[in-house]
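Structure, as C-alpha cells:
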Amino acid sequence: MTRWPDRAPLGGLAPRRRLFVLVVAAAVLAVSALVAVSVAREYAVPPKADPNQMGPVVLVPGFGGNTQALQALALRLRVIGRPAVVVTLPDGGTGDFSGQAAAIDDAVRDLIRHNGARSVDLVGYSAGGVASWLYLETGTTAPAIRRLVTLGSPLQGADIAAAGGALVPGACPRACQELAPGSALLTRLDAGPRPDIPWLSLWTDQDDVVTPPQSAALPGVHSIRLQSVCDGILINHGQIPTAGLTDGLVLRALGTRPLPVPVPGDCSKLQAEGVGRPVLTGTS
C-alpha cells in the first residue's frame, strides 16, 4: 500500500524541532495579544469627565504656534495647584486644523496615562480655540474634557484670513485658509451641536487681529466681552492671555461653580484675582 507523506504544516519536522516551533509560535501569539491589549488600552475612549473634579489644564496656542503667550497663564495655574501643559502644535500652528486637533488629543492622552487625570480642562487662545473646538468633535480623549475657555478665538472666522487668501494665496497657509469666514471647516463645525460641556468665550472689542471681534461671540456659547466688565479697558488681541481681567475670569471659569456672569462692579475684584496673590477661585 502506498504511504503518502504527512502534509501537515509541521509534519516533515523532527519531534523536537516541531515542539520548538510550536513553543515559539505560542510565544509570538502571546506577545501579539499583549501588544493588542496595550494598544487598545492606550487608545481607549476615557470615561466622561467628573464635572466636580478639577484636573490638569491643556493650553492651546494660536496661529503660528507661539507658546510664550500662554506660559504666564500656565504658571499661574500651576501655582494654584492645577498642572498645566502648553501644546506644541505641528507645522508651527499653520497647518491644517485636523493635525492641531490630533496634537491636543495626544496631550490629553499623555495626562491621562502619566498623571492619572480623570478630567482635563482646555484653554484655547486665538486660533487655538478653533483647534480645541475641532478636537472636541473628533478627539478620542474628548470625553475627558470638563470645561473649555477660548480667548479671542475666530470661531466664526477672521476677515484677515479671507483677505490674505484672496490677495496673496501663497502667504495664507492651510490654517489661514480654514479660518476664512464660511470655510468648509467652520461651516461644518457651526452646523453641528455645541460641545456638551461648559464653554466660555472671552473677547475684546479692541481686537486688532480677529476682525470683526464679535467672531468670538458664537451663538450657543457663553461669551463675555471684556469691556462689559471693565468699561474702557485697553486690551488688544496679543494682550488677552496676559491681562489680569482675563486671568481672573479664566480662574473662575475653570472652577466648579457655573460659568461666571460678571457685572461692572466685579472689575477690580477680577483684576485682583488675575494679578494678585493666587487663590483657588470658583470652587464650592
Side-chain angles (χ1 to χ4, degrees), residues 42-43 45-46 56-71 73-74 84-113 117 120-158 160-162 164-165 170-192 194-195 197 199-203 207 209-210 215-216 218 221 237-238 240-241 250:
E42 173 78 8
Y43 292 96
V45 177
V57 183
V58 170
L59 299 98
V60 187
F63 183 82
N66 181 9
T67 62
Q68 292 303 311
L70 291 171
Q71 292 298 345
L73 178 55
V85 175
V86 182
V87 178
T88 299
L89 297 175
D91 302 315
T94 63
D96 66 87
F97 277 95
S98 61
Q100 298 184 37
I104 300 171
D105 203 18
D106 290 341
V108 175
R109 184 176 296 108
D110 284 344
L111 287 171
I112 294 173
R113 182 175 68 240
V120 178
D121 289 338
L122 200 56
V123 176
Y125 169 49
S126 193
V130 176
S132 299
W133 186 8
L134 178 60
Y135 154 74
L136 289 173
E137 297 296 322
T138 61
T140 303
T141 60
I145 301 302
R146 189 184 68 107
R147 294 192 172 195
L148 169 64
V149 178
T150 50
L151 311 174
S153 295
L155 304 175
Q156 301 181 71
I160 191 173
C172 187
R174 184 61 179 170
C176 168
Q177 298 169 33
E178 292 183 325
L179 289 175
S183 71
L185 171 66
L186 294 177
T187 299
R188 176 165 62 86
L189 287 172
D190 187 52
R194 302 293 182 252
I197 59 172
W199 177 358
L200 173 63
S201 174
L202 301 176
W203 59 283
D207 201 312
V209 174
V210 173
S215 175
L218 185 70
V221 172
H237 185 78
I240 295 175
V250 170

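We number each residue from 1, following the sequence as shown.
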Original post:
What distance separates Ser126 OG from Ile240 CD1, expressed to the nearest 0.5 Å?
Top reply: 7.5 Å
**OP:** With rounding to the nearest 0.5 Å, note down the distance linking OG in Ser98 to CG in Asp105.
**Re:** 12.0 Å
**OP:** Would you please test Thr150 and Trp203 for side chain to side chain contact (heavy atoms under 4.5 Å, CB included) and show each step?
**Re:** CA-CA 8 Å; Thr150 50; Trp203 59 283; over 6 Å; no
Original post:
Has the side chain of Ser215 got a donor or acceptor atom that lies under 3.5 Å from a matching backbone atom of Gly157?
Top reply: yes
**OP:** Determine whether Glu178 and Asp96 make a side-chain contact, defined as any pair of heavy atoms from C-beta on separated by less than 4.5 Å.
**Re:** yes
**OP:** Over all heavy atoms of both residues, which pair between Ser201 and Val221 is shortest? Give the atoms and the distance, please.
**Re:** CB-CG1, 4.1 Å
Original post:
Which atom pair, heavy atoms only, marks the closest approach of Ala101 to Ala131?
Top reply: CB-O, 4.1 Å
Original post:
Rounded to the nearest 0.5 Å, how far does CG of Leu111 lie from CG of Asp106?
Top reply: 11.5 Å
Subject >> Residue pair Phe63, Val209: steps toward the side chain to side chain contact (heavy atoms under 4.5 Å, CB included) verdict >> reply: CA-CA 11 Å; Phe63 183 82; Val209 174; over 6 Å; no
**OP:** State, yes or no, whether a side-chain contact exists between Leu136 and Ile197 at a heavy-atom distance under 4.5 Å.
**Re:** yes
**OP:** Apply side chain to side chain contact (heavy atoms under 4.5 Å, CB included) to the pair Tyr135 and Val108, showing each step before the final yes or no.
**Re:** CA-CA 11 Å; Tyr135 154 74; Val108 175; 3.6 Å; yes
Subject >> 4.5 Å side-chain heavy-atom contact, Arg188 and Leu134 >> reply: yes
**OP:** Compare all side-chain heavy atoms of Thr94 with those of Cys176 and state whether any distance is below 4.5 angstrom.
**Re:** no
**OP:** Drop me the distance from Gln156's CD to Leu179's CG, to the nearest 0.5 angstrom.
**Re:** 13.0 Å
Subject >> Shortest non-hydrogen contact between Val210 and Asp207, atoms and distance >> reply: N-OD1, 2.8 Å
Original post:
So which heavy atom on Gly95 is nearest to which on Ala175, and how close?
Top reply: O-CB, 3.2 Å
Original post:
Looking only at heavy atoms, which two atoms of Thr140 and Pro46 are closest? And how far apart?
Top reply: O-CD, 3.4 Å
**OP:** Kindly indicate, with the supporting measurements, whether the criterion side chain to side chain contact (heavy atoms under 4.5 Å, CB included) is fulfilled by Val250 and Leu151.
**Re:** CA-CA 9 Å; Val250 170; Leu151 311 174; 4.0 Å; yes
**OP:** Could you point out which residue of Val58, Ile104, Thr141, Val85 forms a side chain to side chain contact (heavy atoms under 4.5 Å, CB included) with Val120?
**Re:** Val58
Original post:
What closest approach, in Å, do Tyr125 and Pro241 show between heavy atoms, and which atom pair accounts for it?
Top reply: CE1-CD, 3.6 Å
Original post:
If you measure from CG on Leu155 to CH2 on Trp199, what distance do you get to the nearest 0.5 Å?
Top reply: 5.0 Å
**OP:** Find out whether Trp133 and Arg194 are in side-chain contact, i.e. whether some heavy atom of one side chain is under 4.5 Å from a heavy atom of the other.
**Re:** yes
Subject >> Side-chain (Ser132) to main-chain (Gly128) donor-acceptor, under 3.5 angstrom >> reply: yes
Subject >> Polar side-chain atom of Asp121 near backbone of Arg147 as donor-acceptor pair, under 3.5 Å >> reply: yes
